[in-house]
A.B. asks: 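I am attaching a structure below and will ask some questions about it afterwards.
As the structure is a computational prediction, the values presented were derived from the model and not from experiment.
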Amino acid sequence: MVTNLPALRRTALVLAVSVFALAGFARADDPPQPRAETAAPAGQKGGRGGGPQGASQNSSSAAELHRLPPDSTTKQTLDLPGRTLNFAATAGSIRVFDGKGEPLADIAYTSYELDGADRATRPVTFLFNGGPGASSAWLQFGAAGPWRLPLDGEALSPSASPEVKPNAETWLDFTDLVFIDPVSTGYSRFVASGEDARKSFYSVDGDANSIALVIRRWLEKHNRLTSPKYVAGESYGGIRGPKVVRQLQIQHGVGVRGLILVSPLLDFREFTGTSLLQYVATLPSYVAVAREAKGPVKRADLADVEAYARGEFLADLVKGEADKEATNRLADKVAELTGIDPAVSRRLAGRFDVGEFRREFDRKNAKVTGRYDASVRGFDPYPDSGNSRFGDPSGDALQAPLTSAAVDVLSRKLNWRPDGSYEVLNGAIDWDYGRGISPPQSVSELRQIMATDAKLNVLVGHGLFDLATPYFGTKRVLDQLPAFATQRVKFVVYPGGHMFYSRDGSRQAFRGEVEGLIRE
């Protein structure tokens, strides 16, 4: 989890600044209108042309050097069990300008629109991943797109073939799809060199505002403003999703019928620092991993653990280590449930953070569990080290084949060949979470969007073995919503990790839930 936590005290200011900075994006893909020639004021140095016009030309020339290729639309046919899908695939970008008409960034997207459908009534779903710094390749080639790359946990390695296959569980049967890559992910890029542009995009609210704008501009560009609209976000997309929908509602005049959240994080507040609720959130997933080692596990099999986590476990946590009897009782129970050495559990007072659990669960075999999927185990490269120096066997192996698959589909199938590197997961983004005592959360916006639109429904899906965004943490957050909201939120949990859709059964089941949401 990210540990750099912001102050919500600054949210209103950040939002106001971001909205102002992004206000000029309303004509995101339209080039700025020519401006009248003016002379440089006395004492002010002009650009190469001797005045502001020359400076503008310099800026425009530099921007053109970085511009992504023109949009490419190709006709595609997908042969699937029991049906054939004919559709138009477009790989392209939307240019974003500032309030002065200067270009800031090109945001790349890939869209799939089914042939023969009535555009006025055909649903369209906008999808993005999280990170921040993740491209949309995970959802596109793992879950919803027309082609899928098998993401089979321990069976996948960096050297695995990146060849995609037709995706029988694509959502294209019942909704058109638009996958958005936020700036600095995929092929999306800045065309402005100033730090102000980066600050506008690399912040919680600025990021959400820019994605909402791109959605509005795509709808205009493709004549889809009257289509039923849905938004889907994964992981940090749980922060983005409600904020994007709120911005669409209040800033862009676009209503959204449904919000789909995949392994979301909705609230950073109880996942770091000294909060006791982080241990409550992770315990059911720890036990799910232990029980899966002995056989298949469903969420119903964890009812006893969920009851213990919100009851006796929490009560003993609150008593603190000053109460030795409560601490030992808690530690011994956690060891019993997880199979971890009782001596280790007592040493840690039964309070395993994610890194400690990942190392201790199978330490006898010098293996660590995944963070994205703790049912996946890999070798600890430094098993005798006193420090944790391991990666994520459930995530690290995916980046190479997923990157290659995305580049191959875009260039070979969709005939779109940008220069530069495709960033499937950009770890170099200097994200501004804000500063202060209150970390980011989107629960406020979730309440607001559901209160504003009584017809908006929400679907939340999680994996049992996900330690990055544990399902029970989300369940606790959703349980705090008022009745008018909880009646319109569906919460489902499947065997699997953060990308639970890598498992065939889980992907098929979740696809059915999404179809039910969109068709209702």
A.B. asks: With side-chain contact (heavy atoms from CB on, under 4.5 Å) as the test, would you mind laying out the steps for Trp147 and Val409 before giving the verdict?
C.D. replies: CA-CA 9 Å; Trp147 300 285; Val409 168; 4.2 Å; yes
A.B. asks: Donor-acceptor pair, Arg269 side chain versus Pro439 backbone, under 3.5 Å?
C.D. replies: no
A.B. asks: Within the 3.5 Å criterion, strictly below it, is a donor on Thr452 or Arg246 matched to an acceptor on the partner's side chain?
C.D. replies: yes
A.B. asks: Quick check: are there more than 12 heavy atoms from other residues, nucleotides or ligands sitting under 6.0 Å from OH of Tyr372?
C.D. replies: no
A.B. asks: Mind running side-chain contact (heavy atoms from CB on, under 4.5 Å) on His462 and Thr469 for me, showing each step along the way?
C.D. replies: CA-CA 8 Å; His462 266 282; Thr469 58; 3.8 Å; yes
A.B. asks: Would Arg519 and Asp173 pass as an ion pair if we require N to O under 4.0 Å?
C.D. replies: no
A.B. asks: Is the closest side-chain heavy-atom distance between Pro264 and Val460 below 4.5 Å?
C.D. replies: yes
A.B. asks: Can you name the closest pair of heavy atoms from Ala405 and Leu149 and give their distance?
C.D. replies: CB-CD2, 4.2 Å
A.B. asks: Any side-chain heavy atom of Phe174 within less than 4.5 Å of one from Val514?
C.D. replies: yes
A.B. asks: Is there a donor-acceptor pair closer than 3.5 Å between any side-chain N or O of Glu102 and the backbone N or O of Ala192?
C.D. replies: no
A.B. asks: Could you check whether any side-chain heavy atom of Leu127 comes within less than 4.5 Å of a side-chain heavy atom of Ser136, counting everything from C-beta outward?
C.D. replies: no
A.B. asks: Is the ring pair Tyr112/Phe87 parallel, tilted or perpendicular, if the boundaries are 30 and 60 degrees?
C.D. replies: perpendicular
A.B. asks: How close do Ile239 and Gln441 get, heavy atom to heavy atom, and via which atoms?
C.D. replies: CD1-CA, 3.8 Å
A.B. asks: What is the minimum heavy-atom distance between Val424 and Ala137, and which atoms define it?
C.D. replies: CG2-CB, 4.1 Å
A.B. asks: Would you say the side chains of Arg224 and Ser227 form a donor-acceptor pair under 3.5 Å?
C.D. replies: yes
A.B. asks: Got a donor-acceptor contact below 3.5 angstrom from the Asn167 side chain to the Gly145 backbone?
C.D. replies: yes
A.B. asks: Rounded to the nearest 0.5 Å, how far apart are CD of Glu234 and CG of Leu139?
C.D. replies: 4.5 Å
A.B. asks: Ignoring hydrogens, what is the shortest heavy-atom contact between Phe500 and Gly463? Give both atom names and the distance.
C.D. replies: CD2-N, 3.7 Å
A.B. asks: Using side-chain contact (heavy atoms from CB on, under 4.5 Å), reason through Tyr187 and Asp419 one step at a time and then give a plain yes or no.
C.D. replies: CA-CA 8 Å; Tyr187 283 122; Asp419 59 4; over 6 Å; no
A.B. asks: Enter the distance from Phe510:CZ to Tyr494:OH here, rounded to the nearest 0.5 Å.
C.D. replies: 6.5 Å
A.B. asks: Measuring from atom OH of Tyr501 to atom CH2 of Trp138, what distance do you get when rounded to the nearest 0.5 angstrom?
C.D. replies: 7.5 Å
A.B. asks: Between atom CG of Leu172 and atom OG1 of Thr175, what is the distance when rounded to the nearest 0.5 Å?
C.D. replies: 8.0 Å
A.B. asks: Would you mind reporting whether Lys229 and Val254 have side-chain heavy atoms less than 4.5 Å apart?
C.D. replies: yes
A.B. asks: Treating Arg417 as the side-chain partner and Ser411 as the backbone partner, does any N or O pair qualify as donor plus acceptor under 3.5 Å?
C.D. replies: yes
A.B. asks: A side-chain contact here means heavy atoms from C-beta on lying under 4.5 Å apart; do Val124 and Trp218 qualify?
C.D. replies: yes
A.B. asks: Indicate yes or no for a side-chain donor-acceptor contact from Asp106 to the backbone of Arg189 under 3.5 Å, with no hydrogens or angles considered.
C.D. replies: no
A.B. asks: Spell out, as yes or no, whether a donor-acceptor pair under 3.5 Å connects the side chain of Asp176 to the backbone of Leu114.
C.D. replies: yes
A.B. asks: Which pair of heavy atoms, one from His252 and one from Ala212, lies closest together, and at what distance?
C.D. replies: CD2-CB, 3.9 Å
A.B. asks: Side-chain contact, heavy-atom cut-off 4.5 Å: Leu478 with Leu266?
C.D. replies: yes
A.B. asks: May I ask you to check whether His222 and Ser111 show a side-chain donor-acceptor distance below 3.5 Å?
C.D. replies: no
A.B. asks: Would you name the heavy atoms of Ser285 and Leu467 that are closest together and state the gap between them?
C.D. replies: CB-CD2, 3.8 Å
A.B. asks: Atom CZ of residue position Arg122 - does it have more than 12 heavy atoms of other residues, nucleotides or ligands inside 6.0 Å?
C.D. replies: yes
A.B. asks: Is the shortest heavy-atom distance from the side chain of Leu177 to the side chain of Thr170 under 4.5 Å?
C.D. replies: yes
A.B. asks: Does the side chain of Asp453 reach to within under 4.5 Å of the side chain of Val245, using non-hydrogen atoms?
C.D. replies: no
A.B. asks: Would you check if the side chain of Trp416 reaches a backbone N or O of Pro70 as a donor-acceptor pair within less than 3.5 Å?
C.D. replies: yes
A.B. asks: Do side-chain atoms of Arg198 reach the backbone of Phe190 as a donor and acceptor pair under 3.5 angstrom?
C.D. replies: no
A.B. asks: Would you say the side chains of Asp205 and Ser203 form a donor-acceptor pair under 3.5 Å?
C.D. replies: no
A.B. asks: Judged by atom type as modelled, is there a donor-acceptor pair below 3.5 Å linking the side chain of Lys165 to the main-chain atoms of Glu163?
C.D. replies: no
A.B. asks: From Leu219 CG over to Ile215 CD1, what is the distance, rounded to the nearest 0.5 angstrom?
C.D. replies: 7.5 Å
A.B. asks: Would you call Lys100 and Asp98 a salt bridge, taking side-chain N to carboxylate O under 4.0 Å as the test?
C.D. replies: no
A.B. asks: Could you give the distance from OG (Ser444) to NZ (Lys243), rounded to the nearest 0.5 Å?
C.D. replies: 7.5 Å
A.B. asks: Hydrogens and angles aside, do Thr90 and Thr73 bring a side-chain donor and acceptor to less than 3.5 Å of each other?
C.D. replies: yes
A.B. asks: With distance as the sole criterion, is a donor-acceptor pair present between the side chains of Asn457 and Tyr230 under 3.5 Å?
C.D. replies: no
A.B. asks: Would you tell me whether Ser135 and Tyr422 have side-chain atoms, one donor and one acceptor, within less than 3.5 Å of each other?
C.D. replies: yes
A.B. asks: Is there a side-chain contact (heavy atoms from CB on, under 4.5 Å) between Val244 and Phe126? Walk through the geometry before answering.
C.D. replies: CA-CA 11 Å; Val244 166; Phe126 298 88; over 6 Å; no
A.B. asks: Could you tell me whether a side-chain N or O of Ser442 sits under 3.5 Å from a main-chain N or O of Gly238, the two making a donor and an acceptor?
C.D. replies: yes
A.B. asks: Establish, from distance only, whether the side-chain atoms of Ser184 and Tyr202 form a donor-acceptor pair under 3.5 Å.
C.D. replies: yes
A.B. asks: Any chance you could lay out the salt bridge (Lys or Arg N to Asp or Glu O under 4.0 Å) test for Arg240 and Asp207, step after step, and finish with the verdict?
C.D. replies: CA-CA 8 Å; Arg240 277 184 176 137; Asp207 164 76; 2.7 Å; yes
